[in-house]
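These notes are about the structure you will find just below.
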2 protein chains.
Amino acid sequence: MTLKRSYHHGDLREQLLQRAELTLRESGVDRLSLRQLARDVGVTHNAPSRHFRDKQALLDALAQSGFERLGADFRATDVDGPFADRFRRLARTYLSFAVANPALLTLMFARKHSPTAGAEMAAAVQQAFTVPALLTAQAQERGEIVAGDPLRIGMSVAVSLQGLASFVSSGLVTPEAAEELLEETITHLTQGLFPRDT
Amino acid sequence: MTLKRSYHHGDLREQLLQRAELTLRESGVDRLSLRQLARDVGVTHNAPSRHFRDKQALLDALAQSGFERLGADFRATDVDGPFADRFRRLARTYLSFAVANPALLTLMFARKHSPTAGAEMAAAVQQAFTVPALLTAQAQERGEIVAGDPLRIGMSVAVSLQGLASFVSSGLVTPEAAEELLEETITHLTQGLFPRDT
DNA sequence: ACCTGAACACCGTTCAAGT
DNA sequence: ACCTGAACACCGTTCAAGT
């Protein structure tokens, strides 16, 4: 009967992460306490230290899993169609993420990643923000958008996405107003602010 | 001899804010403690509560003063010249702010503004992000950029600025790489990603 | 009005000890 | 290996009291 969920679970790390993300979403960072987390999961206050040397290490792990999930969401979104439509879908994915996990997004962009977590964190970031570059490269192949290094153009696409997400997740722009702002951003990013002859 | 800095200073609120911003900049949010702050300024741990009912109220005040300063920096930057140059200067101002005050910028976009601080905070935000709209309106008058509601176009300019600042302040992009990213962003925002006939 | 000092419940981190 | 329990120094918040 190994179903009894023995005292040494073995998946404690995962349980802690899941519970932490729940608390983060529902109560914010400052209400996130290692001791409370341990209580929630049913272990002593010091048990988490086997898996996270630090509270910071837990926050790092949360941020990293955030980038991984954002990347996965991106990849699940990236389907066919004209550039503007695909940009719009990517942006909506990002905005949904931002609305659903504002505190997590803040954490992800909070320069807290202790140098320790460097390698895996960097990989997760790279993996997520590679998607806009792929989108760019594909649109270039079709002749939809201008030539140029797809990584650089992709980053400047990512800048727009992150700017939008930033305003939404902070609450400075409501999700409804974000819809308008998104269309406005698509228009200017594709057409340019300089007048066109045509 | 009123110079003796009496026990009831009268400017305690301002002293606390200044010291808090210093700590924020040098040690980050989680090292910011009300009690330590009181010690730094030379009052008892409970004295700050007269000026800030809450730790959250202090953070709100910090964020608000951040928006006010950013707005002032914007206004001090906004001089003459072609649109792209002025956009570049505005962006550099923002990026300098982001590099100098990463933790503060995180705070400003962290959806923590308790509903209490609503009115003044909203005014400070509005005042800051009005500047891109002014830039837009002036460029339109000169026929430099396309027509359209300057507030909406201004917001989508602000989106680019905030996206850039976000990447820089988080450390995901180094200040040097940011310079490149800024030029890339200016190019695409003005010319558009769609190919031009000329 | 503004500040003090004591009290309360909580926190992160460390360490010796158990199985 | 993984978890426990006690200990340490610190925290935010509240409240009666002082001037």
Side-chain angles (χ1 to χ4, degrees), chain A residues 2-24 26-63 103 107 110 112-117, chain B residues 2-24 26-63 103 107 110 112-117:
Chain A
T2 59
L3 285 182
K4 259 199 71 191
R5 193 139 91 79
S6 71
Y7 266 51
H8 327 59
H9 341 55
D11 63 339
L12 177 56
R13 192 192 133 97
E14 202 49 42
Q15 282 194 43
L16 288 169
L17 276 178
Q18 285 189 22
R19 183 75 202 196
E21 204 181 306
L22 188 70
T23 306
L24 190 61
E26 296 185 345
S27 314
V29 216
D30 14 65
R31 286 243 219 281
L32 186 61
S33 135
L34 280 178
R35 289 178 101 111
Q36 181 62 48
L37 215 55
R39 255 175 265 133
D40 290 343
V41 169
V43 294
T44 339
H45 69 271
N46 192 27
S49 74
R50 287 288 139 187
H51 304 277
F52 306 102
R53 83 171 60 238
D54 231 18
K55 185 178 186 181
Q56 187 54 51
L58 173 70
L59 297 181
D60 287 349
L62 280 173
L107 211 61
K112 290 303 302 177
H113 341 121
S114 49
T116 333
Chain B
T2 59
L3 285 182
K4 260 199 68 190
R5 193 140 91 81
S6 72
Y7 266 51
H8 327 60
H9 341 56
D11 64 338
L12 178 55
R13 192 191 133 97
E14 202 50 40
Q15 283 194 42
L16 288 169
L17 276 178
Q18 284 188 22
R19 183 74 202 196
E21 203 181 307
L22 189 70
T23 306
L24 191 62
E26 296 186 344
S27 313
V29 218
D30 13 65
R31 286 246 218 282
L32 185 61
S33 134
L34 280 178
R35 290 178 101 111
Q36 181 61 48
L37 214 56
R39 255 175 265 136
D40 290 343
V41 168
V43 294
T44 340
H45 69 270
N46 192 27
S49 73
R50 287 289 140 185
H51 304 277
F52 306 102
R53 83 171 59 237
D54 233 16
K55 186 178 187 182
Q56 187 54 51
L58 173 72
L59 297 181
D60 286 348
L62 280 173
L107 212 59
K112 290 303 300 177
H113 340 121
S114 48
T116 333

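A note on names: the letters A, B, ... follow the listed sequences, proteins ahead of strands, and every chain is numbered from 1.
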Next item on the list: Mind checking A:Arg39 for me? I need base, sugar-phosphate or nothing, with any heavy atom below 4.0 Å counting as a touch.
Entry: sugar-phosphate
Note to self: Let's test your reading of the model: under 3.5 Å, does the base of D:dG5 pair with the side chain of A:Asn46 as donor and acceptor?
What the structure shows: yes
Notebook entry, point to check: Just how far, in rounded Å, is P of D:dG18 from CZ of B:Arg50?
Noted result: 16 Å
Checklist line | Integer-rounded Å distance: C:dC2 C1' and B:Gln15 CD | finding: 14 Å
Notebook entry, point to check: Does any donor-acceptor pair link the side chain of B:Arg35 with the base of D:dT13 at a separation under 3.5 Å?
Noted result: yes
Next item on the list: Can you tell me the pairing partner of C:dT19 across any strand shown, Watson-Crick or G-U wobble, with both distances under 3.5 angstrom?
Entry: D:dA1
Check: Whom does D:dA6 pair with, Watson-Crick or G-U wobble, provided both distances fall under 3.5 Å?
Finding: C:dT14
Next item on the list: From the options C:dA7, D:dG5, D:dC3, select the nucleotide whose nearest atom is closest to the side chain of A:Leu12.
Entry: D:dC3
Note to self: Tell me the interatomic distance from A:Arg31, atom CZ, to C:dC10, atom P, rounded to whole angstroms.
What the structure shows: 13 Å
Next item on the list: Would you mind reading off the distance between B:Leu16 atom CG and C:dC3 atom C1', rounded to a whole angstrom?
Entry: 13 Å
Next item on the list: Using atom CG of A:Asp30 as one end and atom C1' of C:dC10 as the other, report the distance to the nearest whole Å.
Entry: 14 Å
Margin query: Taking the side chain as everything from C-beta on, heavy atoms only, tell me whether B:Asp60 gets closer than 4.5 Å to B:Asp54.
Written below: no
Next item on the list: Let me see the working for B:Val29 and A:Val29 under side chain to side chain contact (heavy atoms under 4.5 Å, CB included), right down to the final yes or no.
Entry: CA-CA 11 Å; B:Val29 218; A:Val29 216; over 6 Å; no
Notebook entry, point to check: Which nucleotide, C:dA7, D:dG5, C:dC11, lies nearest any side-chain atom of A:Ser33?
Noted result: C:dC11
Next item on the list: Decide yes or no on side chain to side chain contact (heavy atoms under 4.5 Å, CB included) for B:Leu22 and B:Asp40, but give the supporting numbers first.
Entry: CA-CA 11 Å; B:Leu22 189 70; B:Asp40 290 343; over 6 Å; no
Margin query: Can you measure B:Phe52 atom CZ to C:dC2 atom P for me and round it to whole angstrom units?
Written below: 13 Å
Notebook entry, point to check: Do any side-chain nitrogens or oxygens of B:His51 fall under 4.0 Å of OP1 or OP2 in C:dC3?
Noted result: yes
Notebook entry, point to check: For A:Arg31, does the CZ atom have more than 12 heavy-atom neighbours from other residues, nucleotides or ligands under 6.0 Å away?
Noted result: no
Next item on the list: Could you say whether A:Leu34 or B:Ser49 is positioned toward the 5' end of DNA chain C, judged by the nucleotide with the nearest heavy atom to each?
Entry: B:Ser49
Notebook entry, point to check: Rounded to whole angstrom units, what separation is found between the CG atom of A:Leu32 and the P atom of C:dC11?
Noted result: 11 Å
Item checked: Spacing between B:Lys55 atom NZ and D:dC11 atom P, to the nearest angstrom -> 9 Å
Check: How far does CD of A:Gln56 sit from CG of A:Leu62, to the nearest 0.5 angstrom?
Finding: 10.0 Å
Item checked: B:His45 side-chain proximity, nearest of D:dG12, D:dG5, D:dT14 -> D:dT14
